[in-house]
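A short write-up of the structure that comes next.
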Amino acid sequence: MEAPSSRWQLAWIGGGLAAVVVLTLVVLAVRSPAEFEPGSPEAVVQDYLQAVLAGDERTAATFFAEDSNCTRDDFDHRDRTSNVRITLIDSEVFADDEATVEVRIRFDEGALDTLSSYDLDETFFLVREAGDWRITNSPWPLFFCEEEP
């Protein structure tokens, strides 16, 4: 038979572990977004994605390059406010006027249910236009944009 003090020690250890798990979940849930240098390719992609997630297609479309076929009308107007987490994977600037930004978009469809979560890796291609970075490809959530007639 265990001594009463051993049971209390196990209870305290179990309670401590549970508190650490809860604290970790809270910290992960309230993490603030990364801060990038304003006007950088990473900041442009972040601003674009924040506009998309906020349902602000008008603002999101301002990040497209002039010769992009993407417009505000290409968005599907779907609700994207569910649990989405975006992580920067890599970014690179080429010859000061072209860049790529690769992100991982994690969709969590259910609370704490990893079976209903999935990742989408997306690469954004950007060019510098009049000193500002603009997106040239058809980025998430568009995937393709219509050619103008």
| said: As a quick check of understanding, evaluate side-chain contact (heavy atoms from CB on, under 4.5 Å) for F107 and D119, giving each step before the final call. | reply: CA-CA 6 Å; F107 302 90; D119 294 338; over 6 Å; no

| request: Determine, step by step, whether W133 and F36 satisfy the ring-ring contact (aromatic ring centres under 6.0 Å, His included) criterion, reporting the C-alpha distance in whole Å, the side-chain angles of both residues, the deciding distance to 0.1 Å, and the verdict. | output: CA-CA 14 Å; W133 289 103; F36 300 106; over 10 Å; no

| message | Quick one, S68 with T136, criterion side-chain contact (heavy atoms from CB on, under 4.5 Å). Give me CA distance, side-chain angles, the key distance, then yes/no. | response | CA-CA 5 Å; S68 171; T136 62; 5.8 Å; no

| request: Take V101 and T123, measure what side-chain contact (heavy atoms from CB on, under 4.5 Å) needs, and give me the verdict at the end. | output: CA-CA 6 Å; V101 176; T123 300; over 6 Å; no

| query | Should L88 and E42 be marked as a side-chain contact (heavy atoms from CB on, under 4.5 Å) after you check the CA-CA gap, both sets of side-chain angles, and the distance that decides it? | reply | CA-CA 8 Å; L88 176 67; E42 299 88 351; 4.2 Å; yes

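One finds the CG atom of D73 at 10.0 Å from the CD atom of E57 (value rounded to the nearest 0.5 Å). Atom CD1 of residue I135 and atom CG of residue L49 lie 7.0 Å apart, to the nearest 0.5 angstrom. The line from CZ of R104 to OG1 of T87 is 7.5 Å long, rounded to the nearest 0.5 Å. The distance from the CG atom of L126 to the CZ atom of F94 is 11.0 Å, given to the nearest 0.5 Å. A distance of 6.5 Å separates CG in D67 from CD in E129, rounded to the nearest 0.5 Å. Taken from CZ in F124 to CG in N137, the straight-line distance is 7.0 Å, to the nearest 0.5 Å.
At distances below 3.5 Å, at least one donor-acceptor pair connects side-chain atoms of R128 with backbone N or O atoms of D96. Remark: side-chain polar atoms of T59 are not paired, donor with acceptor, to backbone N or O of D56 under 3.5 angstrom. Side chain of D121 to backbone of E102: no donor-acceptor contact under 3.5 angstrom is found. Panel note: side chain E122, backbone W140; a donor-acceptor pair is recorded below 3.5 Å.
Between the side chains of E92 and T100, not a single donor N or O lies within less than 3.5 Å of an accepting N or O.
Hydrophobic clustering keeps V127 apart from V103 (ILVMFWY residues linked when any side-chain heavy atoms are closer than 4.5 Å, directly or through intermediates). When the side chains of ILVMFWY residues are joined at heavy-atom separations under 4.5 Å, either directly or via intervening members, Y48 and L120 end up in a single hydrophobic cluster. Linking Ile, Leu, Val, Met, Phe, Trp and Tyr residues whenever their side-chain heavy atoms come within less than 4.5 Å places I105 and L53 in a single cluster.
Looking at D132 and R134, a side-chain N of the basic residue comes within less than 4.0 Å of a carboxylate O on the acidic one, giving a salt bridge.
Annotation for S138 and C70: closest pair OG-SG, 3.6 Å, computed over non-hydrogen atoms. A60 approaches V52 most closely through the heavy-atom pair CB-CG2, 3.8 Å.
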